Amino acid sequence: MRQAEWAQRYGETARWRRDYGAGGVPVQVVAASPELVQACDLINDLGRGESQFVLVQAPAGGGKSTLIAAALAAFTELGLPYEQIQPGHSPGPVMERLSRGSLDAIVVVDDCDRLSASTLRKLVASRRNCRGLFLTATRVGSDTSSVLDGEHDHYLRVPHLERRPDDLLLVAATLWSQLSMPPLADACDESATEALLQGTYGKGAWSLAAVLTSLAELLEASGDLDGGRLHRKITSSDVTPHLFRLIREQMPQPAVAPTDAVLVVEGETDEIYLRRAAELALEEQGWRLLDGLQVESPAGRTGGASAVVDRLLELRRDGVTGIGLFDRDPPGSVAWDIAHRHDLKRYQLPARFDPLDRGDQSAIVEIEDLLPVELLDRYYQEHPDASCEERHWRLGRWRIVPLGKDKGELAEWVCSVATYDDLERYVYLLVEVRHLLDLPYSPAMRDKRWLARLQQRPTEASEPAIAPAALPAASTAGPSAP
């Protein structure tokens with residue numbers, strides 16, 4: 001969107017602004033992108049008494065709380081009964097009535113991913129026992145998204161603000177108007193408009209508001225903005241310094257902590273999964289799995305198992321404790337044997353994580369096999385241009401093997417949507433490594449039943465867990481031999 005189009009669009013509020021609630025101050029939603037338009041339409045459907053079950057996934061600052069406020073304002077104005085579950089408060093009474101199938105109300109939950117996993121599963125499973133459902137979340141696990149497949153189920157994924165340029169500029173103009181300023185679209189020249197569109201807003205609208213506030217303060221300090229009157233056009237040179245400052249503030253500060261040992265993995269994607277799993281374990285369990293433990297891949301995604309052995313030998317020569325993590329496949333097993341002959345610390349992916357459950361001797365387990373197969377299937381549904389290398393079916397379970405060229409993009413996507421439950425197997429790996437290295441760990445991490453639970457043995461072998469038609473077009477290897 002160019003500056004002139006932005007200015008014209010901002011004046012046509014009926015095309016993009018939705019107002020909810022007539023009493024007091026109405027809730028305003030900027031809905032220029034298809035995702036936000038659909039979310040608002042579903043609020044209207046619920047308001048008309050239609051049974052709809054809606055889950056909106058959006059990043060921080062992506063509009064989740066605004067949509068919840070809009071829904072509540074709409075339901076209140078129309079006199080519709082609703083129940084709001086607040087994460088951190090007991091949902092017991094609502095869940096009990098849902099279990100009896102007697103809840104004549106719309107259930108509303110903001111940040112439903114902050115509910116316990118079991119409560120969220122029960123809520124989604126019981127959704128048809130209430131009048132409707134309107135949920136928001138930052139992250140959604142495959143165990144939740146895969147259930148929402150009915151005619152009246154809606155799972156909306158709202159991209160980051162910088163990927164919704166129309167929303168971005170209209171949100172910016174709305175925020176600017178709240179500062180009692182002249183219209184931002186009229187105040188900016190073409191270069192400033194382009195600069196705003198090129199920004200990176202880690203916290204969505206909150207980050208955008210911080211940029212605009214600091215911009216206004218600097219313009220007032222320079223005298224270019226006086227009493228709400230702007231004496232010149234805003235240019236990219238005005239906007240860019242605030243965007244750079246925002247980027248610096250969003251960058252994680254490097255932690256200065258002693259490293260007791262190094263975990264060497266076969267590729268860059270292994271490192272990505274383990275680091276994200278450690279972050280989720282800290283949020284969910286309070287476990288600091290990377291304290292004293294550094295994770296590294298020897299040579300990016302092309303490193304491979306043999307490069308792990310070479311790196312372990314280097315670390316030993318330097319007097320640094322290292323441990324290698326190897327895939328359970330032919331190259332990984334060969335490298336594991338070499339590491340054993342050199343008396344190097346090593347750990348191989350557990351045979352129990354083989355999706356096809358082929359037993360200890362025949363198991364094949366690569367790092368992507370630790371992901372729920374439903375999550376892999378969802379990736380291919382959302383990325384139709386990607387295709388898997390192969391797929392196998394055995395005893396009621398699928399195994400999907402991604403193409404090497406897609407593994408980096410897959411890892412980044414997984415880390416943006418996965419929950420703790422999705423990455424719990426990677427958490428298990430880190431706990432096992434800490435145990436082997438005698439690094440501190442909580443006794444709760446050594447539950448002997450953990451591995452058996454994570455194995456997820458198939459209970460039925462008569463029907464595929466995922467219909468073959470739902471899988472991406474790719475070469476198949478048929479049923480894998482036991």
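Hydrogens, waters and symmetry mates play no part in the numbers below; they use all other heavy atoms, side chains included. Fair warning: this is a prediction, and the values are worked out from it, not measured in the lab.
Checked against side-chain hydrogen bond (donor to acceptor under 3.5 Å, both in side chains), E162 has no partners two or more places apart in sequence or in another chain. Not counting sequence neighbours, the partners of E382 by the side-chain hydrogen bond (donor to acceptor under 3.5 Å, both in side chains) test are R157, R378, W413. With sequence neighbours left out, the side-chain hydrogen bond (donor to acceptor under 3.5 Å, both in side chains) criterion links R139 to no other residue.
Note on residues 234-244: pairs passing salt bridge (Lys or Arg N to Asp or Glu O under 4.0 Å), not counting sequence neighbours, are R232-D238. Residue pairs meeting the salt bridge (Lys or Arg N to Asp or Glu O under 4.0 Å) criterion with at least one member in residues 310-323, sequence neighbours excluded, are E296-R311, R311-E314.
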**OP:** Let me see the working for T419 and D422 under side chain to side chain donor-acceptor pair (under 3.5 Å), right down to the final yes or no.
**Re:** CA-CA 5 Å; T419 65; D422 291 329; 3.3 Å; yes

Original post:
Between E35 and R164, does a salt bridge (Lys or Arg N to Asp or Glu O under 4.0 Å) hold up when you go through it step by step?
Top reply: CA-CA 9 Å; E35 297 84 5; R164 296 181 279 131; 5.5 Å; no

Subject >> Intermediate values then yes/no, side-chain contact (heavy atoms from CB on, under 4.5 Å), L289 and V433 >> reply: CA-CA 10 Å; L289 297 177; V433 166; over 6 Å; no

Subject >> From CA spacing to verdict: side-chain contact (heavy atoms from CB on, under 4.5 Å), L55, T144 >> reply: CA-CA 10 Å; L55 173 56; T144 300; 4.0 Å; yes

Subject >> S297 vs E271, side chain to side chain donor-acceptor pair (under 3.5 Å): CA-CA, chis, key distance, verdict >> reply: CA-CA 7 Å; S297 51; E271 184 178 345; 3.1 Å; yes

Original post:
When you look at L263 and Q294, which way does the side-chain contact (heavy atoms from CB on, under 4.5 Å) test go after all the steps?
Top reply: CA-CA 6 Å; L263 170 61; Q294 177 179 318; over 6 Å; no

Original post:
Should D260 and L439 be marked as a side-chain contact (heavy atoms from CB on, under 4.5 Å) after you check the CA-CA gap, both sets of side-chain angles, and the distance that decides it?
Top reply: CA-CA 8 Å; D260 299 314; L439 293 174; 3.8 Å; yes

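With hydrogens and angles ignored, the 3.5 Å screen pairs no side-chain donor or acceptor of Y379 with any backbone N or O of E409. In this structure, R425 contributes its side chain and L371 its backbone to no donor-acceptor pair below 3.5 Å. Distance alone, capped at 3.5 Å, is enough to place a donor-acceptor pair between the D354 side chain and the L356 backbone. Looking at T213, its side chain never comes within 3.5 Å of a backbone N or O of A210 through a donor-acceptor pair. Using modelled atom types, no side-chain atom of S333 and backbone atom of P330 make a donor-acceptor pair closer than 3.5 Å. Looking only at distances, no side-chain donor or acceptor of S207 sits under 3.5 Å from a matching main-chain atom of Y201. Side chain of D329 to backbone of G332: a donor-acceptor contact under 3.5 angstrom is found. Of the possible donor and acceptor atoms, none in the side chain of D113 sits under 3.5 Å from a partner among the backbone N and O of V140.
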Donor-acceptor list for residues 58-70 side chains, cut-off 3.5 Å, not counting sequence neighbours:
from	atom 1	to	atom 2	distance (Å)
K64	NZ	A58	O	3.3
K64	NZ	P59	O	3.1
S65	OG	D110	OD2	3.0

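Rounding to the nearest 0.5 Å gives a distance of 9.5 Å between CD of Q57 and SG of C112. Distance check: L325 CG to Y347 OH gives 8.0 Å after rounding to the nearest 0.5 Å. Considering CZ of R434 and CH2 of W287, their distance stands at 11.5 Å, rounded to 0.5 Å. Note that the CG atom of L375 and the OG atom of S145 stand 7.5 Å from one another [nearest 0.5 Å]. In this structure, CG in L215 is found 8.0 Å from CG in L196, a value given to the nearest 0.5 Å. Remark: L148 CG to L156 CG distance equals 10.0 Å, nearest 0.5 Å.
Electrostatic pairing of R127 and D153 counts as a salt bridge here, judged by a charged N lying under 4.0 Å from a carboxylate O. The residues K407 and E268 are annotated as not salt-bridged, no charged nitrogen and carboxylate oxygen being separated by less than 4.0 angstrom. Taking a cutoff of 4.0 Å between a charged side-chain nitrogen and a carboxylate oxygen, D369 and R399 qualify as a salt bridge.
Scanning both residues, R275 and V295, for their nearest heavy atoms gives NH2-O, 2.7 Å. Shortest non-hydrogen contact noted between L212 and W176 is O-CZ3, 3.7 Å. Closest heavy-atom contact between L98 and S126: CD2-O, 3.6 Å. In terms of heavy-atom proximity, L410 sits nearest to Y273 at CG-OH, 3.7 Å. Contact detail for Q285 and Y420: the closest heavy-atom pair is NE2-OH, 3.4 Å. Closest approach of I85 to P91, counting heavy atoms only: CG2-CB, 3.8 Å.
Judged by the 6.0 Å distance and 45° axis criteria, R346 is not positioned over the aromatic ring of F326.
Inter-residue side-chain proximity for V414 and L423 is flagged as met; some heavy-atom pair is nearer than 4.5 Å.
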